Amino acid sequence: MSEQEQAVAYRKEQFLTADRFTRLEKDVLAGLLETDEMYTMEQAQHLLEQFMNKEAN
C-alpha cells in the first residue's frame, strides 16, 4: 500500500472543528471543501495553500 492509501481521510465537518486550523483557515476550508467528500490532512492543507497563495485580481 502507498502512503496515500494509508492516509486517514476526514469529512469537511471534522476539519471545521479541528484545533489545527485558525478561524480564518476554517472559513476558507468551509468554502473550498465539498460536504460529501473525504479529504486527507495533506489534501486540505494543499487546497488551503493554493487559495492563500492565489494572486488577487
Side-chain angles (χ1 to χ4, degrees):
M1 249 190 226
S2 71
E3 287 182 36
Q4 183 81 13
E5 292 171 324
Q6 293 177 3
V8 177
Y10 301 96
R11 295 185 323 272
K12 176 180 180 176
E13 299 81 20
Q14 291 174 295
F15 285 106
L16 301 183
T17 59
D19 291 335
R20 176 180 179 145
F21 298 105
T22 65
R23 184 180 202 103
L24 174 63
E25 290 172 329
K26 289 177 185 179
D27 286 345
V28 172
L29 287 172
L32 293 176
L33 301 180
E34 297 292 329
T35 303
D36 297 332
E37 295 291 322
M38 300 284 282
Y39 301 89
T40 65
M41 191 62 72
E42 286 179 354
Q43 288 172 318
Q45 191 68 42
H46 180 71
L47 288 170
L48 190 58
E49 287 172 10
Q50 278 185 317
F51 179 84
M52 297 299 225
N53 293 327
K54 197 181 243 186
E55 187 173 319
N57 293 324

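Note that this is a predicted model, so its numbers are computed, not measured. Just so it is clear, the values below take in all heavy atoms, side chains as well, and ignore hydrogens, waters and symmetry mates. Throughout, residue positions are numbered sequentially from 1 according to the sequence presented.
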Just distance, no hydrogens or angles: give the donor-acceptor pairs under 3.5 Å from side chains in residues 20-35, sequence neighbours left out.
residue : atom : partner : partner atom : Å
Thr22   : OG1  : Glu25   : N            : 3.1
Thr22   : OG1  : Glu25   : OE1          : 3.4
Glu25   : OE1  : Thr22   : N            : 2.9
Lys26   : NZ   : Ala18   : O            : 3.0

> Can you name the residues that form a ring-ring contact (aromatic ring centres under 6.0 Å, His included) with Phe51, not counting sequence neighbours?
Replying inline: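 For Phe51, no residue satisfies ring-ring contact (aromatic ring centres under 6.0 Å, His included) once neighbours in sequence are set aside.
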>> Please say yes or no: joined through hydrophobic side-chain contacts below 4.5 Å, possibly via intermediate residues, are Val8 and Met38 part of one cluster?
In response: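 Val8 does not cluster with Met38.
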> Which value, rounded to the nearest 0.5 Å, describes the distance between Phe15 atom CZ and Gln43 atom CD?
Replying inline: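 Phe15 atom CZ to Gln43 atom CD measures 8.0 Å (nearest 0.5 Å).
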> What residues, two or more places apart in sequence or in another chain, satisfy side chain to side chain donor-acceptor pair (under 3.5 Å) together with Glu13?
Replying inline: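 With sequence neighbours excluded, Glu13 shows a side chain to side chain donor-acceptor pair (under 3.5 Å) to Arg11, given in chain and number order.
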